[in-house]
Number of protein chains: 2
Amino acid sequence: MEDHELKMEFDELLPLRDVVFNSLRQGILEGELKPGERLMEVHLAKKLGVSRTPIREAIRMLELEGLVTMVPRRGAEVAMISADDMRDVLEVRRSLDSLAVILACERIDEDEKERLKNAESDFEDAIKTKNATLIAQADVKFHDIILAASKNKRLLQMVNNLAERVYRYRLEYVKDEKNHEKLISEHHLIMDNIFSGNREEAKRAIEVHIDNQEKNIIKQLSEEGR
Amino acid sequence: MEDHELKMEFDELLPLRDVVFNSLRQGILEGELKPGERLMEVHLAKKLGVSRTPIREAIRMLELEGLVTMVPRRGAEVAMISADDMRDVLEVRRSLDSLAVILACERIDEDEKERLKNAESDFEDAIKTKNATLIAQADVKFHDIILAASKNKRLLQMVNNLAERVYRYRLEYVKDEKNHEKLISEHHLIMDNIFSGNREEAKRAIEVHIDNQEKNIIKQLSEEGR
DNA sequence: CAACTTTCTTAATGATCCGATATTAATTCA
DNA sequence: TGAATTAATATCGGATCATTAAGAAAGTTG
């Protein structure tokens with residue numbers, strides 16, 4: 001078993017379980033910990049320099065997030081994602097993102113409009129750098145502002161949870177330069193329709209946006225399908 | 001502090017944390033453990049006859065489910081539900097239930113159609129008994145079949161999680177005999193539109209169904225609002 | 001001789017118990 | 001009456017014991 005570089009940020013005030021949780025979560029999302037890989041308590045405890053208790057509690061949380069699965073009497077492993085699972089996730093995400101956009105049309109305030117404009121231009125700048133991580137970050141920021149504008153905290157939480165699962169594949173998607181122009185025009189269309197309060201068009205725009213991602217992700221999954 | 005009657009079912013094969021989790025979850029949903037009430041580890045451990053570790057792990061799970069909130073260095077307490085939270089929950093639930101019905105229109109099979117018909121007539125029977133718990137159970141069953149017919153496991157999981165939070169209030173809603181006839185006709189309308197594959201009408205029907213619940217729940221919340 | 005079975009060892013989780021630390025509440029003194 | 005100190009209480013994190021499953025090695029059988 002190779003050794004991984006799990007970084008621990010010691011936020012003095014945060015309980016250890018949350019530090020461990022964030023560390024493992026990041027490791028899984030960035031692909032450092034690969035699907036199917038076992039997460040052994042003693043091993044992780046030694047590596048992160050804490051006892052087993054916070055490790056176990058973090059694993060319980062990751063389990064409910066769906067990022068790890070428990071095998072009884074064997075322990076935790078990074079969750080596998082089947083094409084079926086991914087289809088389910090994207091189907092729900094499409095619906096919730098539509099809802100977010102519709103609500104944002106009605107509830108967005110001037111400050112958020114300004115921030116959304118900035119996020120959009122930051123996104124275009126990121127595209128120019130052709131740095132996938134940077135682009136993905138700017139993309140997340142853009143969508144987060146829309147979610148915040150929906151003024152629905154639970155919706156925000158649920159969409160973020162779904163987005164986690166797609167993160168690694170979206171990274172590949174935004175890496176491909178063929179998609180860059182399309183991404184920019186889609187973001188523009190979404191933003192403009194939110195600004196003009198055109199709910200139906202905004203909804204359609206975000207659905208196209210998600211559908212395009214979905215096509216690509218399904219393709220990726222079938223290609224790596226062993 | 002009064003003593004509660006938390007029942008533990010010792011399912012030999014289930015890990016203790018899951019037994020504790022289910023026990024506490026049920027206690028919260030049925031209103032035995034009231035919002036704001038503190039959940040103290042040693043106390044619960046003694047009461048349930050287990051050590052503190054499974055209690056702690058169960059609390060971590062309940063925290064992520066949103067049923068309890070953690071106060072740093074003070075411990076866990078049953079989550080309060082504000083009217084704003086409830087509005088958020090119902091807004092999302094409306095959207096996801098719409099999705100479930102739309103998908104069910106396309107994907108329902110003959111077996112499920114049969115089961116849905118039976119569930120619907122069981123529901124009418126339950127209404128006749130005027131037993132709120134029985135009615136609520138039959139109602140859950142009806143909606144569960146639709147969710148299963150959507151063939152989307154994540155959607156099923158997420159809607160069930162949202163439904164948890166509404167459970168106590170829905171109980172009050174179905175208890176009121178004024179709503180009985182309306183409930184039956186709404187269920188009928190939903191079912192008929194699914195059978196005929198009429199997506200738009202089915203969607204509208206379920207949305208009306210949820211909206212009616214929402215009105216009542218918001219009213220309940222404002223009445224008990226102290 | 002090979003393949004299958006059985007047993008034994010190892011290693012990891014599941015659960016209990018314990019020590020340290022921080023917060024809250026009560027009591028005492030100014 | 002108010003502030004400060006102390007005592008009680010509960011979480012946070014760690015160490016230990018028990019249970020179980022997987023893997024290796026040895027023995028048996030076809």
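Numbers restart at 1 for each chain; the letters A, B, ... are given by sequence-line order, proteins then strands.
B:R74 meets the side-chain hydrogen bond (donor to acceptor under 3.5 Å, both in side chains) test with no other residue; sequence neighbours excluded. For A:V42, the side-chain contact (heavy atoms from CB on, under 4.5 Å) partners are A:R52, not counting sequence neighbours. Remark: A:T129 engages A:N131, A:L134 in a side-chain contact (heavy atoms from CB on, under 4.5 Å) (not counting sequence neighbours). With sequence neighbours excluded, the residues that form a side-chain hydrogen bond (donor to acceptor under 3.5 Å, both in side chains) with B:K151 are B:E112. Applying the side-chain hydrogen bond (donor to acceptor under 3.5 Å, both in side chains) test to A:E91 and every residue at least two apart in sequence or in another chain returns B:R107, B:N152. Partners of A:E172 according to the salt bridge (Lys or Arg N to Asp or Glu O under 4.0 Å) rule, which considers only residues two or more places apart in sequence or in another chain, are A:K175. Partners of A:D176 according to the salt bridge (Lys or Arg N to Asp or Glu O under 4.0 Å) rule, which considers only residues two or more places apart in sequence or in another chain, are A:K178.
For DNA chain D, the span of nucleotides reached by chain A at under 4.0 Å from its heavy atoms goes, 5' to 3', from D:dC12 to D:dA22.
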What are the atom names and distances for every N/O pair under 3.5 Å that joins the protein to nucleotides 13-15 of chain C?
| unit_1 | atom_1 | unit_2 | atom_2 | d |
| --- | --- | --- | --- | --- |
| C:dT13 | OP1 | A:L39 | O | 3.4 |
| C:dT13 | OP1 | A:E41 | N | 2.9 |
| C:dT13 | OP2 | A:E41 | N | 3.2 |
| C:dG14 | OP1 | B:R17 | NH2 | 3.4 |
| C:dG14 | N7 | A:R52 | NH2 | 3.0 |
| C:dG14 | O6 | A:R52 | NH1 | 3.2 |
| C:dA15 | OP1 | B:L16 | N | 2.9 |

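Note on residues 130-149 of chain A: pairs passing ring pair (Phe, Tyr, Trp, His ring centres under 6.0 Å), not counting sequence neighbours, are A:F142-A:H187, A:H143-A:H187, A:H143-A:H209.
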Side-chain atoms of residues 62-71 of chain A: list all donor-acceptor pairs with protein atoms under 3.5 Å, sequence neighbours left out, distances to 0.1 Å.
| unit_1 | atom_1 | unit_2 | atom_2 | d |
| --- | --- | --- | --- | --- |
| A:E63 | OE1 | A:R60 | NE | 3.3 |
| A:E65 | OE1 | A:N161 | ND2 | 3.4 |
| A:E65 | OE2 | A:N161 | ND2 | 3.1 |

Passes salt bridge (Lys or Arg N to Asp or Glu O under 4.0 Å), B:E214 versus B:R94? Steps please. CA-CA 9 Å; B:E214 176 165 3; B:R94 186 177 189 271; 5.5 Å; no
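Relative to the axis of its first five pairs, the axis of the last five pairs of the helix from C:dC1-D:dG30 to C:dA30-D:dT1 sits at 0°, rounded to 10 degrees.
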